[in-house]
Protein chains: 2
Amino acid sequence: MKKGRITIKDIAKNLNISASTVSRALNNNPDISLETRRVVQEYANEHKYKPNSLALSLRNSHSNIIGVIVPELANHFFSSVLSGMETIAEDHDYHVIVCQSSEEYTKEIRNVQTLIEARVCGMLISQSKTTIKYDHFQELVDNNIPVVFFDRICTGIDSGKVVVDDYSGTFHAVDYMIQTGCKHIAFFGAAPHLEISKNRKNGYLDALRKHHMPIDEDIIRIADNKQLGYEKAMELLQSDNRPDAFMAMNDYTASGILLAAKTLKLKVPEEVSICGFSNSNISQDTDPMLTTVDQHPQKVGEEAMNLILEKVQNPDSTDKKNKIVKTSLVIRETTRPLVK
Amino acid sequence: MKKGRITIKDIAKNLNISASTVSRALNNNPDISLETRRVVQEYANEHKYKPNSLALSLRNSHSNIIGVIVPELANHFFSSVLSGMETIAEDHDYHVIVCQSSEEYTKEIRNVQTLIEARVCGMLISQSKTTIKYDHFQELVDNNIPVVFFDRICTGIDSGKVVVDDYSGTFHAVDYMIQTGCKHIAFFGAAPHLEISKNRKNGYLDALRKHHMPIDEDIIRIADNKQLGYEKAMELLQSDNRPDAFMAMNDYTASGILLAAKTLKLKVPEEVSICGFSNSNISQDTDPMLTTVDQHPQKVGEEAMNLILEKVQNPDSTDKKNKIVKTSLVIRETTRPLVK
DNA sequence: ATGAAAGCGCTAACAT
DNA sequence: ATGTTAGCGCTTTCAT
């Protein structure tokens, strides 16, 4: 065993035929006699020949590698999305290269450059929170590299998009809490320039409007982690303007709110209702267990990968089938039961 | 803009020099006049030339891609490991291709084949639970593809290994619970053929032995998820042989045990102590919050990637620097305080 | 039915 | 200081 793997040339030499015949035989080209095909394929199997996909890609000027950029790998949502992507890619014999931007704009730029150099044939991207310019994305378009954004999409760029239905996820959750008798519902969101924040806030506002409830800017706050959720909830729950329900940006924030309510000996959900977002694994382990909105991250990943593969395999098609993945409300114990 | 990206040839043609000069200029070869270098590099920058790593890899018969196989991407431990790997790889200009085996032996075999075809220059693997034979791993060794196993290592194969110190993690946790006054400690483990199960059980047993405590096979059970943790704990806690502490295989199991204790109105930690394993995100959201063993998954990933890169860049070195990543006990609320 | 040659993008040995 | 050539592994005209 010399320097690794056996090539077509090796087979050709050992069988005393030409490389092109071997290539054709391996690809079951009908020009080649059945006998030759059999011999070649047998030899290849025996010696565990594997085509060199690097060479193949180079020749076809088309790799079978999809690049994925996520803000954070160690995150339940994104790792589930990635799982969905990998599943679909595997089915289609594509590979997935992953990069994480760590929520840093400059790292994201480097990620994009890296993936261009890696000659990926398409990219799946979820923007970092700190991304402020889109030149690096535009470069992809200019280079004819198909892109699909998912979840944290980039609206400034001509590309495919897969989003979670944040608007209606939030709308339904808030609507539900109103129907269970909540009168004064707070909203804890994230940085307002993100699409996702806007959409969720709009869902919240429209649910209030639907029921002709007043909008109180004082109980609309920015808090998107446990610590902030806890702090802002402590503040509000001890104020004169005490909410009887919270719609949170994610489950961590919700868990912080829950902690605040418990610290203040307020009963959940009797005195305070709480709804999270994500249906992450923590939501079944809080006490009481969190009501939350499931985003079906696996599905997001599958849709995104399907979209990009379509684009990759059919570069001329101009139809942008953007996908919206429906959310579903998972009712557990931090909200009251529905009473008609 | 024709079919995508600019090549060295294009630059050469437009600048009326040869391709090799361009190549050398781009690599800052001192043979090339400063002036030529400047001109070439300027042109390259302006036209956003990016080297084609496919071509490079082919030429060097050495890709800069590391293949990673994990049992499950949507898992806090493995996604954190992956995050650590990506960070190190990025620093060294290597790419990471991920595959998941979904805990299926046959899928794992396919993953290995896929990654061989992708011409990865090294692999990082954590075995699936159902893997029973090692032929597919052996094939890697035969092909001179360096491998490093992490966490769920394969002892039958000559390779690098990075493991969590399961033995001493469990030992210290149990030792700690004994020191806080626990007298009858149950152990909830996973499938006994896994290295990781054996090691943790040994840590448990040795901690008991250290304190000359009897070993009771009746309270050593198999349970490695929330449901099973709940069921087995319900059973034991209602039996005559009631434990006053539990050492669990992971935080989910611990959370099931906690649920059982709460269901039976037993006080945690006064009447029942519980220790999980992983320090996963749920451990801060249970009530009371879980005492657990942090495995430092990010670190596991970093060490594994460092090891494989060393091997890749220095294939002849035979030193197998296996790494053991130390665990640390994270004391929260499901165990009693230490009293001297 | 098979072989020879060229080329995907890049670089290194070998000219000049 | 720069150019020419060959080759990494593969496929695909274009012969024969």
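Below, chains carry the letters A, B, ... as their sequence lines are ordered, and counting in each starts from 1.
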Just checking, is any N or O donor in the side chain of E302(B) or T87(B) under 3.5 Å from an acceptor N or O on the other one? no
So does A19(B) get a backbone contact from the side chain of K9(B), meaning a donor-acceptor N/O pair under 3.5 Å? no
Listed nucleotide nearest any side-chain atom of N52(B), set dC10(C), dT2(C), dG3(D): dC10(C)
Just by distance, do the side chain of N314(B) and the backbone of E310(B) share a donor-acceptor pair under 3.5 Å? no
Within the structure shown, what part of the strands sits under 4.0 Å from L54(A) by heavy-atom distance: base, sugar-phosphate, or nothing? nothing
Can you check whether T7(B) has a side-chain N or O nearer than 4.0 Å to OP1 or OP2 of dG9(C)? no
N16(A) has an atom CG; how far is it from atom P of dT2(C), in whole Å? 13 Å
Can you pull every protein N or O that's under 3.5 Å from an N or O on nucleotides 12-16 of chain D?
| residue | atom | partner | partner atom | Å |
| --- | --- | --- | --- | --- |
| dT12(D) | O4' | R59(A) | NH2 | 3.4 |
| dT13(D) | O4 | R24(A) | NH1 | 3.4 |

Listed in order of residue number, which residues of residues 109-123 of chain A have a non-hydrogen atom at under 4.0 Å from DNA chain C? none
By nearest-heavy-atom nucleotide on DNA chain D, the more 5' of T36(B) and L58(B) is T36(B)
Between dG9(D) and S61(B), is there an OP1 or OP2 to side-chain N/O distance shorter than 4.0 Å? no
Which residue pairs pass the side-chain hydrogen bond (donor to acceptor under 3.5 Å, both in side chains) test with at least one member in residues 64-82 of chain A, sequence neighbours excluded? none
In terms of side-chain heavy atoms of L56(A), which of dT11(D), dG9(C), dC10(C) is nearest? dT11(D)
Please check the phosphate of dG9(D) (OP1 and OP2 only) for any side-chain N or O of K50(A) closer than 4.0 Å. no
Checking the side chain of Q298(B) only, and the main-chain atoms of V81(B) only, is there a donor and an acceptor separated by less than 3.5 Å? no
